[in-house]
Chemist: 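Please find one structure pasted underneath; my questions will follow.
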Amino acid sequence: MRVSDGFTDAIGNTPLIRLRHVSEETGCEILGKAEFMNPGGSVKDRAAKWIVLDAERRGLLKSGGTVVEGTAGNTGIGLAHICAARGYRCVIVIPDNQSPEKMELLRTLGAEVRPVPPKPYVDNDNYQKIAGRLAASLPNAIWANQFDNTVNRQAHIETTGPEILRDTRGKIDVFVCATGTGGTLAGVARYLKQEKPNVRIVLADPTGSALYNWVKTGELKASGSSITEGIGTTRITANLEGTPIDDAECSASCPDYLAAKGAVMAPDLRKVRTGTGSDLG
C-alpha cells in the first residue's frame, strides 16, 4: 500500500466505478471517475493543488501568504484544505445564493468566507472580479483565478487524463464531462486526443448555460435556467479555449431528469455523487 505524504500528496488516483444500471440500460460500458474520493471530496482538489504549488514554484506565494479565490464552492473547499496543510491564509469570495452547507464547511476548514450578491461576469462586482481586486490589495497574496489560470487544466493533462487511459487500458471511446472553469474537460480532452485521437469528447451542459449552443453553432447563447451549482457558464474561459470538443449534449435539470429516468439512474448517481446527473444525461 502506498503511503501519502500528507493531504496534498493524497490527491488523485481516484478509481473508475462501473455504473451497472445505466450500462445495462444502454448496452454500453459506462464508467464514472470517482473524484469524490479525493481527500477534499471533489475533482477541484486537483486544480487547487496545482495552482498553489505553481505559485510556490514561481515565488508568487511565500510562507504565511494568502490565497484568495472567487468560487461557487468546491474549488474553495480544495483550496481551504491545501492552505491549511501548507500554512496559508485562505479567503473565499462566494455568491450568496450558494448552499449554506458549502459556506459553513469552508469556515470549518479555516477559510474566511465573504458572500457577495451574484452578478454576471460582465459586472465589475462579479464575485471573481472582486476576488481579483482583493488579492491585489493584500501583501503576499495570490488570486487563484481558477477560471483563467491554465495551471488548472494542466493538472488534468498530467493526472486525470493519464489515470483514465491507464485504468481503461486504453479502451475508451467517449469522454463526457460537464464544465464550470473548463479545466477538467480541457485537460482530459487534450491528453486523450494526444494519446488516442479517435476518442470523442462530449460536453454535457445544463440548461441555463451557453456552452451547448457554442459547441453546436459557435454562438454563446443561454436558454432556460438551472438549479445546478458549479457547472455551466456564459463565457469561454482561458482553460476551455482551444479545447477539442466533438459534440455537446444539453442536460435537463436534475429534478426533471430524475423524474423521467430516476428509477434507472438513482442507484448509479449515489455511487458518483453531485454533478453526475449532467454527465449521464
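Along the sequence shown, residues carry numbers from 1. Just so you know, these numbers use all the heavy atoms, side chains as well, and skip hydrogens, waters and symmetry mates.
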Chemist: Less than 4.5 Å apart, side chain to side chain, heavy atoms only: is that true for Pro117 and Asp125?
Modeler: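 The answer is no, as the side chains (C-beta and beyond) never meet within the 4.5 Å cut-off.
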Chemist: Test of understanding: clusters of I, L, V, M, F, W, Y form through side-chain heavy atoms closer than 4.5 Å, transitively. Do Val67 and Phe7 belong to the same one?
Modeler: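 Result: yes, single cluster for both.
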Chemist: Mark yes or no for whether Arg46, through its side chain, and Ala155, through its backbone, hold a donor-acceptor pair below 3.5 Å.
Modeler: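 Flag not set: sc Arg46 to bb Ala155 has no pair under 3.5 Å.
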Chemist: So does Tyr212 get a backbone contact from the side chain of Asp205, meaning a donor-acceptor N/O pair under 3.5 Å?
Modeler: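 Yes, the answer is positive, given that a donor and an acceptor are paired below the 3.5 Å cut-off.
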Chemist: Would a single hydrophobic cluster contain both Trp143 and Leu61, if residues Ile, Leu, Val, Met, Phe, Trp and Tyr are joined by side-chain heavy-atom contacts under 4.5 Å?
Modeler: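 Hydrophobic grouping puts Leu61 apart from Trp143.
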Chemist: Decide side-chain contact (heavy atoms from CB on, under 4.5 Å) for Arg133 and Val93; before the verdict, give the C-alpha distance in whole Å, the side-chain angles of both, and the deciding distance to 0.1 Å.
Modeler: CA-CA 11 Å; Arg133 293 196 298 270; Val93 181; over 6 Å; no
Chemist: Taking Arg153 for its side chain and Ala238 for its backbone only, find out whether a donor-acceptor pair lies under 3.5 Å.
Modeler: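 Yes: the side chain of Arg153 pairs with the backbone of Ala238.
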Chemist: Tell me whether Ile92 shares a hydrophobic cluster with Ile77, the cluster being built from Ile, Leu, Val, Met, Phe, Trp, Tyr side chains joined at under 4.5 Å.
Modeler: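 Yes, Ile92 and Ile77 fall within the same hydrophobic cluster.
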Chemist: Tell me whether Asn213 contacts the main-chain N or O of Leu220 through its side chain, where contact means a donor paired with an acceptor under 3.5 Å.
Modeler: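 Not confirmed, Asn213 side chain does not pair with Leu220 backbone.
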Chemist: For Ala85 versus Thr8, what's the shortest heavy-atom pair and its separation?
Modeler: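 Ala85 and Thr8 have their closest heavy atoms at CB-OG1, 4.3 Å.
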Chemist: Quick one: does NZ or CZ of Lys119 land under 6.0 Å from the six-membered ring centre of Tyr127, within 45 degrees of the ring axis?
Modeler: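 Judged by the rule (NZ or CZ under 6.0 Å from the ring centre, within 45° of its axis), Lys119 is not positioned above Tyr127.
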Chemist: Counting only heavy atoms not in Glu195, do more than 12 sit closer than 6.0 Å to its CD atom?
Modeler: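 Yes, the 6.0 Å shell around CD holds more than 12 heavy atoms from other groups.
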Chemist: Find out whether Asn198 and Lys193 are in side-chain contact, i.e. whether some heavy atom of one side chain is under 4.5 Å from a heavy atom of the other.
Modeler: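 No, too far: nothing below the 4.5 Å cut-off.
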Chemist: Return the CG to CG distance between Asn145 and Asn152, rounded to the nearest 0.5 Å.
Modeler: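 So the CG of Asn145 and the CG of Asn152 are separated by 9.5 Å.
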Chemist: When you measure from the side chain of Asp246 to the backbone N and O of Val202, does any donor-acceptor pair fall under 3.5 Å?
Modeler: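 The answer is no, because no donor-acceptor pair under 3.5 Å joins these two groups.
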Chemist: Quick one: NZ on Lys49 to CG on Asp9, what's the gap to the nearest 0.5 Å?
Modeler: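 Lys49 NZ to Asp9 CG: 5.5 Å, rounded to 0.5 Å.
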Chemist: With a 4.5 Å cut-off on side-chain heavy atoms, are Glu56 and Val52 touching?
Modeler: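 A side-chain contact under 4.5 Å exists here.
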Chemist: For a side-chain contact (heavy atoms from CB on, under 4.5 Å) check, start with the C-alpha distance between Lys102 and Thr71, then their side-chain angles and the critical distance, and finish with the verdict.
Modeler: CA-CA 11 Å; Lys102 279 186 180 178; Thr71 170; over 6 Å; no
Chemist: For Gln146, does its backbone N or O pair with a side-chain atom of Glu69 as donor and acceptor, under 3.5 Å?
Modeler: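 Yes, the answer is positive, given that a donor and an acceptor are paired below the 3.5 Å cut-off.
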Chemist: Ignoring hydrogens and geometry, is there a side-chain-to-backbone donor-acceptor pair from Asn38 to Gly40 under 3.5 Å?
Modeler: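 Pair absent, no side-chain N/O of Asn38 close to backbone of Gly40.
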Chemist: With the side chain counted from C-beta on, respond yes when Glu163 and Lys33 share a heavy-atom pair under 4.5 Å apart, and no when they do not.
Modeler: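 Yes, at least one pair of side-chain atoms sits under 4.5 Å.
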Chemist: Show your working on side-chain contact (heavy atoms from CB on, under 4.5 Å) between Leu240 and Trp214 and close with a plain yes or no.
Modeler: CA-CA 12 Å; Leu240 189 58; Trp214 173 66; 4.0 Å; yes
Chemist: In terms of hydrophobic clustering (I, L, V, M, F, W, Y; side-chain heavy atoms under 4.5 Å; direct or indirect links), are Leu60 and Ile82 co-clustered?
Modeler: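 Cluster IDs for Leu60 and Ile82 match.
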Chemist: Answer with yes or no whether the hydrophobic clustering places Val43 together with Leu185; edges join I, L, V, M, F, W, Y residues whose side-chain heavy atoms lie under 4.5 Å apart.
Modeler: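 Not linked; separate clusters.
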Chemist: Test side-chain contact (heavy atoms from CB on, under 4.5 Å) on Ile30 and Glu25 and set out the steps.
Modeler: CA-CA 10 Å; Ile30 299 178; Glu25 178 77 7; over 6 Å; no
Chemist: Just verifying a value: how many Å separate Lys196 NZ and Asp173 CG, rounded to the nearest 0.5 Å?
Modeler: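 If I round to the nearest 0.5 Å, the distance is 5.5 Å.
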Chemist: Side chain to side chain donor-acceptor pair (under 3.5 Å) between Arg89 and Asn140: does it pass, once the steps are laid out?
Modeler: CA-CA 10 Å; Arg89 176 189 177 204; Asn140 188 17; over 6 Å; no
Chemist: SG/Cys83 to CD/Glu112 distance, rounded to the nearest 0.5 angstrom?
Modeler: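 Going from the SG atom of Cys83 to the CD atom of Glu112 covers 12.0 Å.
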Chemist: How many angstroms lie between atom CH2 of Trp50 and atom OG1 of Thr150, to the nearest 0.5 angstrom?
Modeler: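 It comes to 14.0 Å.
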Chemist: Pro162: what forms a side chain to side chain contact (heavy atoms under 4.5 Å, CB included) with it, not counting sequence neighbours?
Modeler: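 Pro162: side chain to side chain contact (heavy atoms under 4.5 Å, CB included) contacts with Tyr191.
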Chemist: Keeping the roles fixed (side chain from Thr237, backbone from Thr181), state whether a donor-acceptor pair exists under 3.5 Å.
Modeler: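 Answer holds: yes.
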